[in-house]
Structure formats: structure tokens, C-alpha cells
There are 2 protein chains.
Amino acid sequence: MTQRDASVEIIQRQLTAFARRARATAARIHPELSLVSYTLLAHLDDQQGCRATDLAAHYLLDKSTVSRQIAALEKLGFVERRVDPEDHRVQVLHPTPAGAAVLSNAMTSRRQAFHERLADWDAADLDRFASYLLRYNAAQELKG
Amino acid sequence: MTQRDASVEIIQRQLTAFARRARATAARIHPELSLVSYTLLAHLDDQQGCRATDLAAHYLLDKSTVSRQIAALEKLGFVERRVDPEDHRVQVLHPTPAGAAVLSNAMTSRRQAFHERLADWDAADLDRFASYLLRYNAAQELKG
DNA sequence: AGATGTAGTTGTATAGTACAACGTGAATTG
DNA sequence: CAATTCACGTTGTACTATACAACTACATCT
């Protein structure tokens with residue numbers, strides 16, 4: 001086994017370990033929003049509103065899944081729908097003020113948790129780590 | 001926002017994006033084993049057998065969850081149980097030859113997928129990326 | 001106007017998970 | 001040593017996330 005193989009093996013294991021823990025971690029950090037709800041809401045916030053179909057496409061989820069997740073978020077009062085006057089089939093989804101508020105809290109908690117975990121890293125390492133992850137995920141997205 | 005904040009933000013987003021995709025990726029790479037089954041089986045293989053309780057503790061899963069996962073793996077013929085002669089409550093779990101075989105295939109597929117994704121990285125970057133992930137996850141585990 | 005396509009919902013099924021209650025065997029202790 | 005307590009695992013139950021298929025409603029194109 002080459003050094004290269006060893007590195008890839010470690011990367012694989014560590015990313016997998018992280019993924020396994022992610023949902024549980026999300027539940028701990030922000031119990032009011034699951035990892036998926038959080039993600040969808042964050043996307044709406046980020047994009048200043050978008051359609052259910054867009055969410056489905058972006059996150060490779062079935063539209064029924066998105067429909068139900070959004071229904072749940074709406075029931076919680078975190079998302080509102082605006083029918084597109086141009087095309088009545090379309091609902092443009094937006095976070096409500098309440099939704100924006102919980103999202104902001106969740107983001108703060110997450111950010112804080114990450115900051116704590118990374119507290120003893122120096123700036124250069126953080127920067128490189130960030131760029132490696134970007135590079136890794138970017139390669140990923142090209143392949144679907 | 002400092003440079004440091006920006007890096008942490010990127011790390012957070014990218015790790016989250018990875019986690020979101022992980023199950024789907026696992027399903028694509030090795031359809032016969034879910035991410036969890038794969039993980040449990042790999043642990044058994046790695047540890048040369050262990051108890052259900054150990055798996056639950058290690059992966060922060062409820063013992064009932066492990067029990068059912070193991071039951072499913074046993075039904076598929078991938079795991080066998082050996083009652084501990086010292087303590088009849090204990091079942092030491094081992095991969096069967098068939099289990100070791102699918103695991104080995106799955107590991108090969110995963111490894112190959114990772115190698116492909118990381119093909120254009122040079123050795124130094126791979127090495128640093130691996131060490132960053134190790135460092136990140138190690139900090140994680142101390143906190144439970 | 002009719003055919004085809006797109007956005008979203010709902011019915012149904014499955015996997016993964018947790019918690020609580022339980023059975024069984026081991027260990028401890030009065 | 002008998003009784004209690006503890007540890008390991010299973011089973012009942014419930015919930016969430018998810019997919020696929022069938023459907024409704026609207027839009028677009030010919």
C-alpha cells in the first residue's frame with residue numbers, strides 16, 4: 001500500500017464517520033430542526049425563496065419528500081408559500097419571520113459548535129482544510 | 001467577519017453537504033449494504049468480532065437498533081453469532097465468509113470511488129487532508 | 001381544442017431509529 | 001445460599017425520512 005492509498009483510506013473512513021454522526025449531531029445542536037429541514041430552510045433563506053422542485057433537484061430528493069418536509073415546516077409556521085402569479089402551478093417558498101428566526105438560531109448554534117471544535121486550529125490550517133473540502137465536494141457535484 | 005470565520009463557515013457547509021449525500025452515495029456504491037450495515041459489518045471485520053453492545057456504544061445507536069440490524073445481516077447470511085461460553089448472555093458477532101466477501105467488494109467499490117474522486121490530488125494535499133479529517137474527528141470523539 | 005408536459009399532493013410501502021417492557025442469565029450481597 | 005440487582009439482548013410500538021406511483025391542476029404547444 002502506497003502512502004497515497006493510506007491517505008485515501010483515511011479520508012474515506014473519516015468522512016464516513018462524520019456522515020454517520022451528522023444526523024445525531026444535528027439533532028443535538030438544534031432539536032427543533034432536523035438536518036434535512038435545516039438544509040431546506042437554509043436553502044430558501046439563501047436563495048431568497050425557491051420552488052419545491054428546485055429543492056428536490058438540488059438535494060436529489062423525491063418531490064414527494066420535499067412536499068412533505070415543506071408541509072411540516074409550514075405547519076410549524078417556518079415556511080410560507082406564495083403562488084406565482086405568472087404560473088399558478090408554482091409555489092414560491094419563503095421562510096417566515098419565525099422560520100428565519102429559528103434558522104438563525106440553529107445557524108448560530110452550529111457555527112458555535114464548529115468554532116469550538118476548531119478552536120485550537122491555526123488560521124492557515126483552517127484555510128487549507130476549508131479549501132480541501134470545497135475541492136472535494138466540487139469534484140463530487142460534477143459527477144452527480 | 002474574519003478570515004477565520006469564513007473558513008469555519010466553509011468547513012461547516014461542506015461537511016454538512018457531504019453528510020447529506022452520504023447515504024445516497026453509499027446506496028449507489030454498494031446497494032446490497034446500507035451505510036449502517038456496511039459500518040457495522042466493517043467493524044466486526046475490523047475487530048475480529050465483537051458484541052452487539054459494543055457496536056451500540058461505539059456508534060451511539062440504541063441496542064434495539066443494533067439488534068435489528070444484526071438480525072437483518074444474519075438473515076442475509078452475512079453475520080453469525082457465537083455464544084460466549086464464559087457468559088451465556090453474550091453473543092460474539094462475526095462476519096461469515098459471505099459477509100466478508102460482500103464487505104470486501106463494498107470496500108473495494110468505495111475505495112475505488114474515493115480514489116477516482118481524489119485522482120488529481122497530489123500526495124502532499126491528500127496527506128494533509130487526511131490529517132485534518134483525523135484531527136477534526138478526534139476532537140469530536142472526546143466530547144461524545 | 002386536444003395532447004403533452006410540469007408542479008405539487010397523496011396513497012402506500014419500506015428502512016432506520018428510539019424508547020419501554022420484557023426474558024434470561026450473571027453477579028453481588030445480606 | 002436466596003434474593004436482589006445488573007447486563008445483554010429481543011420484541012412491541014411509534015415515529016421520521018424516504019421512494020415510487022397514481023393523481024389533480026395548471027400550462028404549453030401543435
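Worth saying up front: this structure is predicted, and the values here are computed from it rather than measured. Within every chain, numbering begins at 1; the chains are lettered A, B, ... in the order of the sequence lines, protein sequences first and strands thereafter.
- Paired with B:P95 under the rule side chain to side chain contact (heavy atoms under 4.5 Å, CB included), one option of B:V79, B:L44, B:L73, B:D46 passes, and it is B:L44.
- Distance A:R23 CZ to C:dA18 C1': 15 Å, rounded to the nearest Å.
- Rounding to whole angstrom units, CD of residue B:E74 and C1' of D:dG9 are separated by 13 Å.
- Here the C1' atom of nucleotide D:dT16 and the CG atom of A:L40 are 14 Å apart, to the nearest Å.
- Rounded to whole angstrom, the span from the CD atom of B:E86 across to the C1' atom of C:dA27 amounts to 15 Å.
- Here B:V36 lies in heavy-atom contact (under 4.0 Å) with sugar-phosphate atoms only.
- For B:L61, counting side-chain heavy atoms from C-beta on, the closest listed nucleotide (D:dT18, C:dT17, C:dA7) is C:dT17.
- In the set D:dG9, C:dG8, D:dT18, D:dG9 carries the atom at the smallest distance from any side-chain atom of B:R51.
- Each of C:dC19, D:dA19, D:dG9 was ranked by its minimum atom distance to the side chain of B:D62; first place goes to C:dC19.
- When each of B:V90 and A:S64 is assigned the nucleotide of DNA chain D bearing its nearest heavy atom, the one mapping closer to the 5' terminus is B:V90.
- Comparing D:dG9, C:dT10, D:dG12 against the side chain of B:R68 picks out D:dG12 as the nearest.
- Considering only the side chain of B:H88, C:dG25 comes nearest among D:dA27, C:dC19, C:dG25.
- Applying the 4.0 Å criterion to OP1 and OP2 of D:dA17, one finds that A:Q69 has a side-chain N or O inside that range.
- Distance from the side chain of A:R89 is smallest for C:dT6 among the nucleotides C:dT6, C:dA18, D:dT18.
- With rounding to whole Å, B:K75 atom NZ is found 12 Å from D:dT11 atom P.
- Distances from the side chain of B:T65 to the nucleotides D:dC26, C:dT17, D:dC8 place C:dT17 closest.
- Remark: B:R117 qualifies as a cation-pi partner of B:F114 under the 6.0 Å distance and 45° angle criteria applied to the six-membered ring.
- Taking a cutoff of 4.0 Å between a charged side-chain nitrogen and a carboxylate oxygen, B:D125 and A:R135 qualify as a salt bridge.
- Taking atom NZ of B:K63 as the reference point, atom C1' of C:dC22 lies 10 Å away to the nearest angstrom.
- Taking a 6.0 Å sphere around CZ of B:R13, one finds it holds 12 or fewer heavy atoms contributed by other residues, nucleotides or ligands.
- Residues B:D84 and B:R89 are not paired through a salt bridge, judged by the lack of any N-O separation under 4.0 Å between the basic side chain and the carboxylate.
- Between B:R81 atom CZ and D:dC8 atom P there is a gap of 16 Å when expressed in whole angstrom units.
- Closest to the side chain of B:S34, from the set D:dG9, C:dG16, C:dA7, is C:dG16.
- Under 3.5 Å, the side chain of B:S67 and the base of D:dC8 form no donor-acceptor pair of N or O atoms.
- In this structure, B:L33 atom CG and C:dA15 atom C1' are separated by 14 Å, rounded to whole Å.
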